[in-house]
Amino acid sequence: MARNQEHSDAMYARAREVIAGGVSSDARRLPGTPIYVDHASGSRLWDVDGNGYIDYVLGQGPAILGHSPDVLAEAVSAQMRRGVTYSAQHLAEIEVAERMRSMVPCAELIRFNSVGSEAAHAAIRLARGHTGRAKILKFEGHYHGWFDPVLFSVHPPLDQAGPADHPVLVPGSGGQQQNQAADLVLAPWNDLQAFTDAVARHRGEIAAVVMEPVLCNSGAITPDDAYLAAVRQICDDEGILLIFDEVITGFRLAPGGAQERLGITPDIGVFGKAMAGGMQVSALAGKAEVMESIASGKVSHAGTFNSHPVAMAGARAVLEVLDEKREDIYPEMERRGRRLMNGIAAIASRLGVPMLVQGTGHLFQIYLTDAADVRDYREFATTDRSTMTRLHGLLLDEGINMVPRGLWFLSSAHTDADVDQTLTAFETALARLR
Ligand SMILES: Cc1ncc(COP(=O)(O)O)c(C=O)c1O
């Protein structure tokens, strides 16, 4: 049944008079009226029309302990009374960095920013400054924030993207200049031969290889066994730094992120989202030898709000929980996520809807496709994405909020009862779609 959206519709109309396009981030554009949230708690959110949703968007990933957990609310409100921002040093930033160093394999030295795009930008500058080389090798379908130097070939239209084994760099936005791609090298991901060839074509020029170690912006794809190990080895052999953008995977797939789960340590890791449970904190965390280029002042890194006291108080509280309750939180999140994945796959098969469900449980992707596997951007891009957008709308009507492209995030607040309720709702939505 379609939801009552009377108040949301009115707010959207009002918003469009003063906010360009009615939304503050393009990721929140929907075909119809977006959700106007009244409040959120645990695994749920409620809109201004009183509709409740089991939330698998979680603020695009950050709310790993669910919405507004007491531990975060208390830490943040206590800090608010001690000063909101100092642009000066304080204890919480040291404690967050110490905690990160104990949790994350590559984190020997750390710097903080506010959002993932900034920290990814800092990582790329650091790699260039540290190595003295210009080129960055990125992969088609991977997202590293919305800044010009890396917003190329994230979701390129296939008719502009060139051949799969030699993709061409396509800007992601009007206003970007093609010459900003001059120092990028693009390769298909999860294809070792293509990677080896790209490195050979630019021998001695590549400062860093940057990737999402588990691809979450074009599906939810764990690379082939041995791919990351081979990339790591080639980077070592060629004097190239390896950057893992763990803005989504960090503190989500494991306490030490994808690098812990997959057993490959990059030279630099980029973190954000889950590390502060919903507060705006991102981090650049790397090997001491590399981070020394920032420590010495050779490479500049700055920001008025870096290590913001309120946000760091939140990060300190959230990381303490994630670290100290790791034995409960991560296996349970994975188990519930896998229950949901298996349940969704079973419903799709019962209803005869071609659907693939992929992921680790902590996060997963549903694809409308006959394919048995999705391994890279090109395969993701040939799944039925317009029908997925329709399914997203039907799920909202049944009280389920997934990321519109078909991605689902779990939190420690989701319960088995939430999973059961979600599966019932999913069956109704999918039957209507069919
Ligand atoms: C892998 C990855 N890197 C970087 C970013 C950019 O982070 P932010 O939106 O906080 O700037 C995102 C955002 O979704 C992301 O998924």
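Each ligand, and each atom within it, is numbered from 1 in the order the structure gives.
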* By side chain to side chain donor-acceptor pair (under 3.5 Å), which residues pair with T387, not counting sequence neighbours? -> D384

Can you name the atoms of ligand 1, numbered from 1 with element, that are less than 4.0 Å from a heavy atom of [X]?
X    : result
E212 : 1 (C)
D245 : 1 (C), 2 (C), 3 (N), 4 (C)
I248 : 16 (O)
V115 : 10 (O), 11 (O)

* Under 3.5 Å, is there a donor-acceptor pair linking the side chains of Y56 and T422? -> yes

* Of the listed options V210, V247, N217, closest to atom 16 (O) of ligand 1 (non-hydrogen atoms) -> N217

Check: [X] N/O within less than 3.5 Å of ligand 1 N/O:
X    : answer
G116 : yes
K273 : yes
H144 : no

* To do: Answer whether the closest heavy-atom distance between the side chains of Y377 and N217 falls below 4.5 Å.
  => no

* Structure fact -> Taken in chain and number order and not counting sequence neighbours, the residues that satisfy ring-ring contact (aromatic ring centres under 6.0 Å, His included) with F271 are F251

* Would you confirm whether R336, through its side chain, and H414, through its main-chain N or O, come within 3.5 Å as a donor-acceptor pair? => yes

* Atom pair CZ/NE2 of R252 and H362 - distance to nearest 0.5 Å -> 8.5 Å

* Consider ligand 1: state whether an atom of it lies below 4.0 angstrom from any non-hydrogen atom of Q60. => no

